[in-house]
Amino acid sequence: MAHLLDPAGDLETTLDDAGLKNSSVREYVRHWAELTGAQRVEVVGAADDARLIEESLAAGEIQHAGAGRYYARSYAKDTARSEERTIVATANPADAGVYNNWHPSSKMRPLLEDRMRGASAGKTMYVVPYLMAPPGSPLEPYAVGVELTDHRTVALHMIRMARCGVEYVNDLAEPEKFVRGVHVTGDLENLGQGTPGDQRYFVTFADERTILHFGSSYGGNALLGKIAHGLRQASYDGWASGEFLAEQFMLIGVTDKQTGRTWHICGGFPSASGKTNLAMMLAPDSLRDRYHVEFYGDDIAWLRVDPEDGKIYAINPEFGVFGVAKDTNEVTNPTALGSVAPGTHVLFTNVAYNEHTGDVWWEGRTPVPPADLSGWRDWTGQLISERSEADKDKPWAHPNSRFTTSLRNVPNIARDFENPKGVPIDAIIFGGRTRDREPLIRAITDLAEGVYDGLTLGAEATFAAEGVDGQLRYDPMSMRPFMSYPEGAYAAHWLRIIGAAKVKPIFAHVNWFQRDPDDGHFLWPGYRENLRPLLWLLKLKDGEVQGRRTPVGIVPTEEELDVGGVDIKPEDLHKVLSIDSDRWTVEMTRREQHLAKFDGLPEEIWAAHRRVAEALAAEVD
Ligand code: GTP
Ligand code: SPV
Ligand code: MN
């Protein structure tokens, strides 16, 4: 049933018909419908998906991509999250950190309201009530939200990425406690994206639990449940309440089929460093009879200590995957292909599309692009067959093209992925892209050293514009773009939450990306084989292996790491299990400069830094 408001219609009747009972939500809808000037209001949830899909197809906003699969293109200057235009605003200047791009709410509120005023004229405002948690989770009070969006495709994404429907807001213990998210697309062709006159603003008013995003319809800029609520708002709430952590973490289970025992591992990797691939990992063939990897989440985890057993529990607040398409294929990630198979109702964005067959393609899907060009259009909509000589080698798909699919479609989804309590965490890992220095895995047993390691996580700069070649772009805990409060307080909050656990997780730093300095090949084969260092870590935690102590943690001995059937040269294996103390010493100076930027960093973190630095110095002498 459609819930429409014609210009002369009655909003109250529309909300009644939709079964939206929460009076605070109704008041909020009324306020923003008036301010944005939307012509109609429609309340939508998961039950409306099929109808919304039909309407979007009829309107030409999306296209069929085979049976039960859909395709959309975004505006060409609107293809990724914008870090420069993303802001955290509060009333308190003390909330300013190094990375949260803090501004006073008194300044940002009017700016956003000005841009949004009347900007949805003639459009439908979709009201999307949602829950960022498995229903019944102890963290549910922080997970309730309502996104208002004037873009139908954004509503389709929300329905895939979050649990959506009026039932999530109707019976709240505190009816006014929900995150208020307003998304207004704006006139995409006249926003000056990336110019000095850029009109876009993506603001989280963290102390008001309000998110106002203007000027995009792509990804984290527009799906407010995922990044803005699930990470920025939630990490602020977790800190303000003292109750939990919200991190850009993947979350997996590893089951030993022989003993029936399951471990859970979560961890942060900067964007595009392999979280989705790791979470969807199949055990390598030679270990498949013994181990099974289960998917809980690929991008966000919320962590809390359970008062009953003192263990750390993690949930994935999301309901879907917004995965990078590039390089996804039968070898790198067969599970991802399974999750976008016919009938999954997946929505592809900005991949290449064949208008005759409905096929989709992206770089790395097959070694070379389809030979028969007929019907193929690139992500901008241009026919490949009509490309100019200058354009003919350009990628067919945008490098940040993605697929949006529900968790239920993921072939290795954990049986208990909806368990409201979450799963107990055995290990927390960090990993970046590092071509040298970082070994395959180094385990850390001390809490402060583990947190210190997370704070000094980084990914290599790949373009001159992003940083100095070969130096890390630090990305603490992989939260740099999502940080909502000061880093010193963030570190203290981590020490407090994990410190309160009776049963501590083991930490580790991993690196799948070490390269040969001469020919550039990856020293470690990666992907499915990444299970092997993780199994070693779990054995270390259980005292079954001892590893080799180094100044920067415990690394596996060559005998301990099970590499049966792995295609790796002995000298490469030796290299990925070694510590280059000289190279590490250089890194320690950079770390010190990095950490010195953070006010109020707990003394425990500095002490951890000094311990590692002194141990390295002793080794180099
Ligand atoms: P966001 O969704 O942006 O947060 O990214 P993500 O962390 O989920 O990254 P994703 O899993 O999509 O990986 C990004 C890139 O890393 C892809 O091009 C993968 O092919 C590549 N990758 C992932 N795992 C490995 C690995 O083990 N080895 C190598 N060499 N590349 C990998
Ligand atoms: C990321 O960029 O880390 C993402 C995609 O997970 S987005 O939702 O667009 O932020
Ligand atoms: Mn991410």
Side-chain angles (χ1 to χ4, degrees), residues 74 78-83 86 154 157-158 160-162 202 213 216-232 246-252 267-282 284 295 297-301 316 318 320-329 331-333 335-336 339 349-350 362-365 397-404 429-435 440-441 457 459-460 462 475 477-482 510-516 520-534 566 568 576:
S74 71
D78 185 32
T79 54
R81 196 159 44 69
S82 159
E83 291 187 16
T86 300
V154 171
H157 277 98
M158 277 301 288
R160 280 156 184 70
M161 294 302 297
F202 308 112
H213 280 206
S216 166
S217 68
Y218 198 82
N221 290 346
L223 319 177
L224 305 185
K226 183 181 177 57
I227 300 280
H229 181 165
L231 287 174
R232 282 189 205 97
E247 307 295 329
Q248 191 193 202
F249 279 7
M250 62 87 215
L251 174 58
I252 57 175
F269 299 63
S271 300
S273 298
K275 290 185 300 299
T276 303
N277 280 278
L278 190 64
M280 292 189 173
M281 170 173 65
L282 295 175
F295 181 107
D298 74 325
D299 204 44
I300 305 181
N316 169 16
E318 303 197 87
V321 175
F322 184 53
V324 175
K326 186 174 177 347
D327 286 335
T328 302
N329 59 52
V331 177
T332 58
N333 196 341
T335 317
S339 33
T349 311
N350 290 349
W362 51 82
E363 274 60 34
R365 173 67 190 82
H398 188 279
N400 192 38
S401 57
R402 298 205 176 221
F403 56 86
T404 310
I429 64 176
F430 302 112
R433 279 177 181 266
T434 327
R435 98 186 65 160
L440 179 62
I441 186 165
L457 174 64
E460 227 149 52
T462 43
D475 189 341
M477 307 269 186
S478 68
M479 285 292 281
R480 178 178 172 137
F482 317 114
V510 298
N511 180 23
W512 324 137
F513 298 95
Q514 202 174 147
R515 288 174 186 262
D516 183 279
H521 78 270
F522 286 111
L523 299 183
W524 176 251
Y527 297 104
R528 298 162 72 164
E529 309 301 351
N530 296 338
L531 181 60
R532 297 172 188 272
L534 299 183
V566 181
I568 185 169
V576 297

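Just so it is clear, the model here is predicted, and its values are computed rather than measured. Every number for a ligand or one of its atoms is a count from 1 in the order of the listing. Residues take their numbers from the sequence shown, with the count starting at 1.
A donor-acceptor contact shorter than 3.5 Å is absent between the side chain of Asp475 and the backbone of Pro270. A donor-acceptor pair is defined here as one N or O able to donate and one able to accept, closer than 3.5 Å; such a pair exists between the side chain of Trp362 and the backbone of Thr328. The backbone N or O of Phe322 lies less than 3.5 Å from a partner atom in the side chain of Arg402, making a donor-acceptor pair.
Of all atoms in ligand 2, numbered sequentially from 1 with element shown, those under 4.0 Å from a heavy atom of Asp299 are 6 (O). Proximity to Gly219 (heavy-atom distance under 4.0 Å) selects the following atoms of ligand 2: 9 (O). Proximity to Ser271 (heavy-atom distance under 4.0 Å) selects the following atoms of ligand 2: 1 (C), 2 (O), 3 (O).
Summary of contacts: the protein heavy atom closest to atom 9 (O) of ligand 2 is Gly220 N, 2.9 Å.
For the salt bridge (Lys or Arg N to Asp or Glu O under 4.0 Å) test, no residue two or more places apart in sequence or in another chain qualifies with Arg480. In terms of the ring-ring contact (aromatic ring centres under 6.0 Å, His included) criterion, His157 has no residue partners (sequence neighbours excluded). For Asp299, the salt bridge (Lys or Arg N to Asp or Glu O under 4.0 Å) partners at least two apart in sequence or on another chain are Lys226, Lys275.
Annotation: side chain of Asp78 is in contact with side chain of Asn221 (closest heavy-atom distance under 4.5 Å). The side-chain heavy atoms of Leu523 and His521, taken from C-beta on, include a pair separated by under 4.5 Å.
No N or O atom of Lys226 sits closer than 3.5 Å to an N or O atom of ligand 2.
Nearest N, O or S atom of Asp299 to the Mn ion (ligand 3): atom OD1.
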Which protein N or O atoms sit under 3.5 Å from any N or O of ligand 1? Give atom names and distances.
| unit_1 | atom_1 | unit_2 | atom_2 | d |
| --- | --- | --- | --- | --- |
| ligand 1 | 2 (O) | Arg402 | NH1 | 2.9 |
| ligand 1 | 3 (O) | Ala272 | N | 3.3 |
| ligand 1 | 3 (O) | Arg402 | NH2 | 2.9 |
| ligand 1 | 4 (O) | Gln248 | OE1 | 3.2 |
| ligand 1 | 4 (O) | Lys275 | NZ | 2.8 |
| ligand 1 | 4 (O) | Asp299 | OD1 | 3.1 |
| ligand 1 | 5 (O) | Ala272 | N | 2.8 |
| ligand 1 | 7 (O) | Gly274 | N | 3.3 |
| ligand 1 | 7 (O) | Lys275 | N | 2.9 |
| ligand 1 | 7 (O) | Lys275 | NZ | 2.8 |
| ligand 1 | 8 (O) | Thr276 | N | 2.9 |
| ligand 1 | 8 (O) | Thr276 | OG1 | 2.7 |
| ligand 1 | 9 (O) | Gly274 | N | 3.1 |
| ligand 1 | 11 (O) | Lys275 | N | 3.4 |
| ligand 1 | 11 (O) | Thr276 | N | 3.0 |
| ligand 1 | 11 (O) | Asn277 | N | 3.0 |
| ligand 1 | 11 (O) | Asn277 | ND2 | 2.9 |
| ligand 1 | 13 (O) | Gly274 | N | 3.2 |
| ligand 1 | 13 (O) | Asn277 | ND2 | 3.4 |
| ligand 1 | 16 (O) | Arg433 | NH2 | 3.0 |
| ligand 1 | 18 (O) | Asp327 | OD2 | 3.4 |
| ligand 1 | 20 (O) | Tyr527 | OH | 2.6 |
| ligand 1 | 22 (N) | Tyr527 | OH | 3.4 |
| ligand 1 | 27 (O) | Tyr527 | N | 2.8 |
| ligand 1 | 27 (O) | Asn530 | ND2 | 2.9 |
| ligand 1 | 31 (N) | Tyr527 | OH | 3.3 |

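Contact annotation: Ser478 places no N, O or S atom under 2.8 Å from the Mn ion (ligand 3).
Of all the heavy atoms of Phe322, the ones lying under 4.0 Å from any atom of ligand 2 belong exclusively to the side chain.
Ser401 and Asn350 form no side-chain donor-acceptor contact under 3.5 Å, judged by distance and modelled atom types alone.
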